[in-house]
Amino acid sequence: MRYWLMKSEPTDVSIDDLAGFPNQTVDWYGIRNYQARNFMRDQMKVGDGVFFYHSNCAVPGIAGIAEVCKLAYPDRLQFIKGHKYFDEKATPENPRWLNVDVKLVRKTRLLSLKELREYEALTNMRILQRGNRLSITPVDPKEWEFILGKLNAE
DNA sequence: GCCAACGTTGGC
DNA sequence: GCCAACGTTGGC
């Protein structure tokens, strides 16, 4: 069992959107970065823990907890001509992009990026490193437990 | 809206 | 295979 942090722009899919979806589940579409894709393809298993992170918004930070509920499979948007996520080099026989499905566990208080930066225990967290842009990053089990503690504390 | 950092593309 | 140009991410 692994832990992950997955970024979503709340104008696209917010934690409240996720809570309102059927089965409180979303297909994590639109990943067009090989490193992030490979995490989904090679490492993510059903039941893995996910911090649902709001990015590119007024107060970025962790907005809830989710879990992987379906293994990686081809991202359907890569085949839709004219779509933002269309990829002409991808075919159903040889898809290039994948996504897992993610299900809400619970909404939490918003643990802001600013607050994350305040904790000594999290200084090595991927998301906090300079220049980090990767939208899916592994979370160390110790970091996961530490953050859970902070989320449960208030 | 700015811009630093990073990833990708494509000419050579 | 190098690397300049370009595009994207995402905090601020």
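Note on naming: letters A, B, ... go to the chains in the order of the sequence lines (proteins, then strands), and numbering restarts at 1 for each one.
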Participant: Given 3.5 Å as the limit, does a donor-acceptor pair link the side chain of A/Q35 with the main chain of A/L134, or not?
Facilitator: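 No.
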Participant: Counting only heavy atoms not in A/R32 (residues, nucleotides, ligands), do more than 12 fall under 6.0 Å from its CZ?
Facilitator: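 Count over threshold, so yes.
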Participant: So, are A/R109 and A/E115 salt-bridged, with charged N and O less than 4.0 Å apart?
Facilitator: yes
Participant: Is A/D16 salt-bridged to A/K107, cutoff N-O under 4.0 Å?
Facilitator: yes
Participant: Provide a list of protein-nucleic acid N or O atom pairs under 3.5 angstrom, restricted to nucleotides 8-12 of chain C.
Facilitator:
residue : atom : partner : partner atom : Å
C/dT8   : O2   : A/R133  : NH1          : 2.5
C/dT9   : O3'  : A/R133  : O            : 3.3
C/dG10  : OP1  : A/K7    : NZ           : 2.8
C/dG10  : OP1  : A/R133  : O            : 2.6
C/dG11  : OP1  : A/Y53   : OH           : 2.9
C/dG11  : OP2  : A/N56   : N            : 2.9

Participant: Hey, could you give me each pair passing ring pair (Phe, Tyr, Trp, His ring centres under 6.0 Å) that has a residue in residues 53-80 of chain A? Not counting sequence neighbours.
Facilitator: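 Counting only pairs at least two positions apart or across chains, the ring pair (Phe, Tyr, Trp, His ring centres under 6.0 Å) contacts touching residues 53-80 of chain A are A/F52-A/H54.
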Participant: Let me know, please, whether A/K89 or A/G131 comes out on the 5' side of the other along DNA chain B by nearest nucleotide.
Facilitator: A/G131
